[in-house]
Amino acid sequence: MSESTPDTVVRTRRDGPVLVVAIDHPPVNALGQAVRAGLLAAIEQAGADAAVQALLIVGAGRTFIAGADIREFGKPPQPPALPDVCNRIEASGKIVIAAIHGPALGGGLEVALSAHYRLALPGARLGLPEVHLGLLPGAGGTQRAPRLMGVKAAAELMLSGRHLSAQDALAAGLVDRLADGADATAAGIAFASELLAAQTPVRRTRDIAIADRAAALAALDALAAETARQSRGLFSPLRIVDAVRAAVELPFDAGLARERALFVECLDSPQRAGLVHAFFAEREVAKIPEARAAAPRRVERIAVVGGGTMGAGIAVAALDAGLPVTMVERDAESIARGRANVAKVYDGLVAKGRLTADGKAAVLARYTPSTSYDDVRDADLVIEAVFEDIEVKKAVFRELDGVAKPGAVLATNTSYLDIDAIAAATARPQDVIGLHFFSPAHIMKLLEIVVPAKVGADVVATAFEFARRLRKTPVRAGVCDGFIGNRILAVYKQAADHLMEDGASPYEIDEAVRGFGFAMGPFQVTDLAGGDIGWATRKRRAATRDPKARYVEIADRICERGWFGQKTGRGFYLYPNGARTGQPDPEVLAIVDAERAKKGIVPRRFSADEIVRRYMAAMVNEGARVLEEGIALRPLDIDVTFLSGYGFPRWRGGPMKWADMQGLDKVLADIRAFAQEDPLFWQPAPLLEKLVAEGRSFDRLNRSA
Ligand code: 3H9
């Protein structure tokens, strides 16, 4: 991108009286400095050339313009600024037309709104998604969109960040005309010729008056109240409402100035840094060495072994991606349950009116239940999702080894177990990989792709390609107990248990963690997942646990009573009459007190801030260990794991980005202070100490990987 010059990224050519201005800046025609300069030069060129009567702006490739160049945010601004370019386009004395054939997003749509006329082709997608990056439209979008589509509709478009189709954009008033086909230049020239023939004058969006200001302001008040309730600490949504309010209350230029001031506030906010990090990290995760080294194998048919909640969720995810799925269970009763688990998902969609009965039948026609392993013969990929027990899994893989065709990828959905050992149960360890889905598997975005020692690079590449087809977010992980996510979870969960035993109630801990931005606290998560799951893991680990390590027994006491959370009506919380939201339980507090007394612990108070600092320090410290052991390739892989699978607040960018923004020295200082009480649990990770000593950040490791 750095070699781009204005004349290479913005090309102009004359077609009769029309100057065609084509933005050609792969991959997505983002409005970097050279593109902005090129657009400005094109406007000047048109103004100076008497033969030019109209300008047509088009985008080369699949995109019209994807918006401002996100990589430039946080760096010193380089002129010309986008708002100035947009104002200059609008001020043109010759008519300007934008012909949109693909995504016109953010600044890209703002360029189009500055044009005098807009044409959309079938592939067009129009939106102002800046809110997802912690921003607001900063090149006139908050002032021009309300003038074209109405104040309420414009504010809702910006607050949701959603994209409009060509049809919807026409109905909303954002475009003037639809055209068929995919050739925006030809359609645009035809439209321009028509406008010129009719001697259509320039039509500037800024000159459109906003109708019924009182109603518009009332609508904005209602939106502001709703946004304040729903945006859970997000910074930019309320500023969006303020900027749109300026469009109603102020003259156009004063409105632009207000928009600019609010945009800069958002640009400078740590939330913007976190959200932009998340945007790029989610795209970087798929860039792994194996994908560069090998081509994926073909996957046309898949088989799932196991029809429980996980197996059914995986089957649905694959069916939704258009793949035929065979599900194998050991007997008629189990396969009937598996089939019911799959059908239940589609019945739910039919009940909500999101799928027709015919649509359901069409999907289920691709689903084949079976009680015979012979039916996996044709599968290109087999995913095992049976009971979480190493001997059971090995037996399944031995069986698969006997029937699967040569070259089939054999995947296990284990969340903790040793995949090298599972692979060794077959004569083809090069084909065995981990695909760790998260429950519910057809909804959760995260897919940990776990890479055992002997697996072939092409199998890893196949798994990433499969994730892409399923529209999952894949993260590459190495083999260890819990891989990236559950391994780190186990450690910060222990920090939460220590806090509980030392004096904070589970309810205070959950509240502090929610205050940080997580959707749920750790004890709510335990209740939702089922306390018995963690209990089984703790029992499994009991034999290998360091006898000197601190072990909190409170959760065991709760499980011993059969209180496994929501599904049993009580866990850490009470769920009377099947309630989904729990209530604090005085009996749980009594159990906590009794356990403290047993160990002679005198409870002390923890502020919400201290709870969060301990919780996060444990997460970051274990994250650093996961990195130095090579379980995660880069810090960003840990960030994406937590953003897409563990409810980590997106605007904080992920745990490692959060640590960078705090300052790694501060996080390390906390760990050292906590180590005064428990030096075994709070041993600083050597990588964290090294980075602090060298004055480096996790982000530096992202860039050097
Ligand atoms: C804005 O406009 C602010 C203004 O209001 C005010 C300014 C003053 N910049 O997603 P993909 C890269 S804020 C730089 O995989 P797809 C992306 O990282 C902006 N780079 O493709 C990837 O790079 P790589 C508002 C960008 O086909 C490559 O392009 N706009 C940008 O699945 C391909 O991306 C948005 O928020 C960018 N703006 O989807 C739109 N966009 O190959 C953000 C993408 O090295 N973009 N890249 O990994 C999108 O939503 C999708 O990229 C898009 C294409 C739908 C366009």
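Both counts, for ligands and for their atoms, begin at 1 and track the order of listing. Only a predicted model underlies this, so the values are computations on that prediction, with no experimental measurement involved. What's counted below: heavy atoms across the whole structure, side chains too, no hydrogens, waters or symmetry copies.
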Examine [X] against ligand 1 and note whether any of their N/O atoms are separated by less than 3.5 Å.
{"X": "E284", "value": "no"}
{"X": "A30", "value": "no"}
{"X": "G107", "value": "yes"}
{"X": "G138", "value": "yes"}
{"X": "P103", "value": "no"}

- Message: To the closest 0.5 Å, what do you measure between CD1 (I95) and CG (L55)?
- Response: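 Spacing of CD1 (I95) from CG (L55) equals 9.5 Å.
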
- Per atom 55 (C) of ligand 1, closest listed option by heavy atom (T63, L105, N29):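 Among T63, L105, N29, the closest heavy atom to atom 55 (C) of ligand 1 comes from L105.
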
- Query: What part of V28 sits under 4.0 Å from ligand 1 if we count only heavy atoms: the side chain, the backbone, both or neither?
  - Reply: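 Just the side chain.
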
- Task: May I ask you to identify, for A68, whether its side chain, its backbone, both or neither come under 4.0 Å of ligand 1 on a heavy-atom basis?
- Result: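 Answer for A68: both.
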
Counting each atom of ligand 1 from 1 as listed, which ones have a heavy atom of [X] under 4.0 Å away?
{"X": "P137", "answer": "5 (O)"}
{"X": "P27", "answer": "28 (C), 29 (O)"}
{"X": "D69", "answer": "9 (N), 14 (C)"}
{"X": "G106", "answer": "2 (O), 25 (C)"}
{"X": "L133", "answer": "13 (S), 19 (C), 36 (O)"}
{"X": "F280", "answer": "18 (O)"}
{"X": "K287", "answer": "24 (P), 45 (O), 48 (O)"}
{"X": "R71", "answer": "18 (O), 23 (O), 45 (O)"}

- What about the rings of F438 and Y646, do their centers lie closer together than 6.0 Å?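 Yes: the rings meet the under 6.0 Å criterion.
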
- Task: Assess the pair F73 and F279: is the distance between their ring centroids shorter than 6.0 Å?
- Result: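 They do not qualify: ring centres at least 6.0 Å apart.
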
- Around atom NZ of K94, are there more than 12 heavy atoms of other residues, nucleotides or ligands at under 6.0 Å?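 Yes, enclosed.
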
- Task: State whether a side-chain donor-acceptor pair under 3.5 Å links D7 with T5.
- Result: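 The answer is yes; a qualifying pair exists.
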
- Task: Report yes or no: do D639 and H277 form a side-chain donor-acceptor pair below 3.5 Å?
- Result: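 Short answer, yes.
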
Is the closest heavy atom of [X] to ligand 1 under 4.0 Å?
{"X": "G141", "result": "no"}
{"X": "H163", "result": "no"}
{"X": "R62", "result": "yes"}

- Task: Decide, yes or no, whether a salt bridge links R703 with E284 under the criterion of side-chain N to carboxylate O below 4.0 Å.
- Result: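 Judged by the 4.0 Å cut-off on N to carboxylate O distance, R703 and E284 do not form a salt bridge.
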
- Item | Pair K657 + D660, salt bridge at N-O below 4.0 Å |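 So K657 does not pair with D660 through a salt bridge.
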
- Task: Quick one: list whatever passes salt bridge (charged side-chain N to carboxylate O under 4.0 Å, His left out) with E249, sequence neighbours left out.
- Result: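 In terms of salt bridge (charged side-chain N to carboxylate O under 4.0 Å, His left out), with neighbours along the sequence ignored, E249 is linked to no residue.
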
- Message: Taking side-chain hydrogen bond (donor to acceptor under 3.5 Å, both in side chains) as the criterion, tell me which of R203, R206, R144 meets it with E90.
- Response: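 Running side-chain hydrogen bond (donor to acceptor under 3.5 Å, both in side chains) over R203, R206, R144 with E90 returns exactly one hit, R144.
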
Which atom pairs, one a donor and one an acceptor, fall under 3.5 Å between side chains of residues 153-160 and the rest of the protein, sequence neighbours left out?
unit_1, atom_1, unit_2, atom_2, d
S160, OG, E156, O, 3.0
S160, OG, L157, O, 3.3
S160, OG, R162, N, 3.2

- Query: If only atom types and distance count, is the side chain of H116 paired as donor or acceptor with the main-chain N or O of V96 below 3.5 Å?
  - Reply: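 Such a contact is found between H116 side chain and V96 backbone.
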
